[in-house]
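Each remark here refers to the structure printed beneath this line.
For ligands, and for the atoms within them, numbers begin at 1 and follow the listed sequence.
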Amino acid sequence: METQLVVLGGGPGGYAAAFLAADMGLEVTLVEADPRLGGTCLLKGCIPSKALLHVARVISESHEVDDWGVKFERPGIDVNTLRARKDKVISTLSGGLQQLAKKRKVTVINARATFENSQTLKLEGGDPATYAESRLTFEHCILASGSLPAMPGAFKLGTDRVMDSTGALELKDIPESLLVIGGGYIGLEMGTVYAALGTKVSVVELTPTLLPLCDRDLVRPLEARLNKLFTGIYLETKVTSLTDKGDSIEVGFQDAKGPRSERFSRVLVSVGRRPNSTGLGLENTQVELDEKGFVVTDECQRTADPHILAIGDVAGEPMLAHKASHQGKVAVEALLGEPAVFQPQAIPAVVFTDPEIAWAGLTEEQAKAERIEVEVTRYPWAASGRAVALGRTEGFTKLLIDPDSQRILGIGIVGINAGDILTEAVVAIEMGATARDLAESIHPHPTLSETLGFAAEAFLGTATEIYRPRAAHKA
Ligand code: FAD
């Protein structure tokens with residue numbers, strides 16, 4: 001079998017690339033080991049986690065309206081129906097992708113592929129009815145094999161009481177207690193889900209803070225809420241052992257006070273993800289890997305092998321679905337000889353906890369580390385009519401502004417729905433907008449998105465709802 005372009009991996013990077021390539025007139029084959037399209041994001045990542053977080057949010061809002069004199073009974077949870085509904089979300093979207101592939105005449109092969117050389121893939125397993133021969137030769141390949149959860153050897157006990165994110169999303173039951181190992185975004189999102197469903201959730205993190213990659217001030221309002229939602233948050237604490245006790249897992253901890261142990265019904269190991277670059281036969285090509293196992297690419301997503309491009313999680317940080325799709329489009333345009341490069345000013349990131357944390361562009365930690373001079377303005381949501389009406393004033397919107405040009409360099413938001421209002425910030429940074437541009441764009445009232453305009457006004461000293469006198473240099 002022969003194809004002009006093969007895309008290896010049917011995740012958000014792979015299917016975005018395959019669909020655009022077909023739209024642009026290329027003859028495309030998409031090879032995916034899973035019988036369903038969608039990759040980590042749709043099958044065991046972004047989408048199922050957000051479906052469950054939606055339910056968690058409804059449950060927590062039903063408690064919050066107590067303060068408004070509205071009382072709901074404690075919710076009864078039918079875990080089988082909940083799981084089935086989450087699975088329906090996945091199958092609806094995955095079925096949609098299959099339909100779209102068919103309409104675009106993208107050949108979809110369900111098989112595990114490995115490189116025999118720079119222009120041949122060996123196909124095995126999956127559904128042999130989707131491929132006539134076990135070898136596929138190609139002119140170009142876009143590698144989009146994604147990433148896998150990291151599971152340290154010492155945590156592999158061979159029991160499903162110790163789960164990775166995929167296991168946690170399966171929602172086998174609502175355990176009495178759950179320990180989340182790792183205070184990154186995946187662990188906190190899943191912890192939020194299980195806590196809302198009634199599990200006693202604890203989190204253990206090696207570093208002194210949750211979400212170590214985030215600006216500290218953005219994390220504080222979340223930490224305050226998680227302190228109430230979770231049973232325990234153990235910072236600067238190491239997990240030294242996991243022991244299967246049959247009906248529970250005994251976890252050994254080590255912190256400044258010394259060693260101790262505690263039992264949990266289940267443990268979620270969420271200590272990061274690694275690029276899926278081994279076992280693909282890449283040694284039979286000229287593709288190069290860096291010391292962490294990411295495929296090395298140039299700005300057009302080309303690897304060291306002239307026939308192979310790489311995109312998404314396998315091609316480097318940040319491991320995010322929207323970065324993968326964007327790179328997929330750049331790779332196709334580059335193949336077609338268009339002047340496309342992956343050179344974003346801002347890759348947005350959202351932690352879908354409650355409150356959410358969202359940021360784009362330069363962060364304050366990065367500005368400090370790289371000695372970039374910025375002026376930081378924070379707009380407190382306590383001054384936002386919408387936030388007060390929602391009873392959620394703990395958030396704030398902050399802008400990092402270049403003091404000379406007054407251009408917006410970075411934005412951070414913490415508060416409910418922060419992720420949904422971040423997009424304006426991404427456009428502002430990409431377009432080189434100044435604080436005045438943001439302040440003078442009329443924002444709809446009353447919305448949380450207004451806080452972006454208000455923060456820019458606060459920088460200029462012209463915000464209506466807070467008193468912050470105007471500095472002479474900004475006149
Ligand atoms: P993947 O989506 O990993 O797809 C790779 C595909 O390649 C897989 O389907 C795999 O089966 C296939 N494959 C691999 N090897 C082979 C082979 N040899 N032969 C054939 N097929 C192969 N990102 C966000 O942006 N927002 C979020 O809210 C978010 N939430 C997440 C929550 C969780 C719990 C997890 C685990 C991840 C989350 N992510 C989120 C990250 C996101 O899922 C990834 O960044 C994204 O899926 C990467 O896309 P990709 O196309 O590079 O790879």
Notebook entry, point to check: Under 6.0 Å between the ring centres of Phe342 and His326?
Noted result: yes

Notebook entry, point to check: For the ring pair Phe253 and Tyr234, is the centre-to-centre distance below 6.0 Å?
Noted result: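 Centroid separation for Phe253 and Tyr234: below 6.0 Å.
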
Next item on the list: Check each of Lys105, Arg104, Lys329 against Asp23 using the salt bridge (charged side-chain N to carboxylate O under 4.0 Å, His left out) test, and report the only one that passes.
Entry: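 That would be Arg104.
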
Item checked: contact_flag Tyr185 ligand 1 heavy-atom lt 4.0 Å -> yes

Next item on the list: State if Ala16 counts as touching ligand 1 under the rule of any non-hydrogen atom under 4.0 Å.
Entry: no

Under 4.0 Å, heavy-atom basis, I'd like to know which part of [X] is in contact with ligand 1: side chain, backbone, both or neither.
X	answer
Asn276	side chain
Leu8	side chain
Met190	neither
Leu320	both
Leu280	side chain

Between [X] and ligand 1, does any nitrogen or oxygen pair lie at a separation below 3.5 Å?
X	result
Ser165	no
Ala33	yes
Asp34	no
Asp313	yes
Ala324	no
Glu189	no
Lys44	no
Cys41	yes
Lys50	yes

Can you list the ligand 1 atoms lying under 4.0 Å from a non-hydrogen atom of [X]?
X	answer
Arg273	36 (C)
Gly13	51 (O)
Ser145	5 (C), 7 (O), 14 (C), 15 (N)
Ala111	19 (N), 20 (C)
Ser147	3 (O)
Met319	41 (C), 45 (O)
Phe352	28 (O)

Among all the protein's non-hydrogen atoms, which is closest to [atom], and how far away is it?
atom	result
atom 7 (O) of ligand 1	Gly9 CA, 3.2 Å
atom 8 (C) of ligand 1	Glu32 OE1, 3.4 Å
atom 24 (C) of ligand 1	Ala321 N, 3.5 Å
atom 29 (C) of ligand 1	Cys46 SG, 3.3 Å
atom 3 (O) of ligand 1	Thr40 OG1, 2.6 Å
atom 53 (O) of ligand 1	Gly146 CA, 3.2 Å
atom 32 (C) of ligand 1	Gly45 C, 3.4 Å

Check ion pair [X]-[Y] (N to O, under 4.0 angstrom):
X	Y	result
Arg161	Asp244	no
Glu133	Arg135	no
Glu64	Arg225	yes
Arg266	Asp173	yes
Arg263	Glu250	yes
Glu61	Arg392	no

Any donor-acceptor N or O pair under 3.5 Å, side chains [X], [Y]:
X	Y	result
Arg36	Ser94	no
Asn110	Thr130	no
Thr207	Thr209	no

Next item on the list: Please name all residues satisfying side chain to side chain contact (heavy atoms under 4.5 Å, CB included) with Lys88, sequence neighbours left out, ordered by chain then number.
Entry: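 Residues passing side chain to side chain contact (heavy atoms under 4.5 Å, CB included) with Lys88: Thr92.
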
Next item on the list: Pick, from Ser325, Gly11, Pro12, Gly312, the option with the minimum heavy-atom distance to atom 49 (O) of ligand 1.
Entry: Pro12

Next item on the list: Please work out which of Ala113, Ala144, Pro149 has its closest non-hydrogen atom nearest to atom 18 (N) of ligand 1.
Entry: Ala113

Next item on the list: If the plane angle is over 60° it's perpendicular, under 30° parallel, otherwise tilted; pick one for His140 and His307.
Entry: tilted

Check: Side chains of Val204 and Lys238: closer than 4.5 Å at any heavy-atom pair?
Finding: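 Counting from C-beta outward, Val204 and Lys238 never come under 4.5 Å.
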
Notebook entry, point to check: Ser118 pairs by side-chain hydrogen bond (donor to acceptor under 3.5 Å, both in side chains) with which of Thr303, Thr285, Asp305?
Noted result: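 With Ser118 as partner, Thr303, Thr285, Asp305 yield a single side-chain hydrogen bond (donor to acceptor under 3.5 Å, both in side chains), made by Asp305.
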
Note to self: Please determine whether side-chain hydrogen bond (donor to acceptor under 3.5 Å, both in side chains) holds for the pair Ser248 and Ser265, giving the CA-CA distance in whole Å, both sets of side-chain angles, and the decisive distance to 0.1 Å.
What the structure shows: CA-CA 5 Å; Ser248 61; Ser265 317; over 6 Å; no

Checklist line | With Glu189 via salt bridge (charged side-chain N to carboxylate O under 4.0 Å, His left out) - residues at least two apart | finding: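 Result, salt bridge (charged side-chain N to carboxylate O under 4.0 Å, His left out) vs Glu189: Lys50.
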
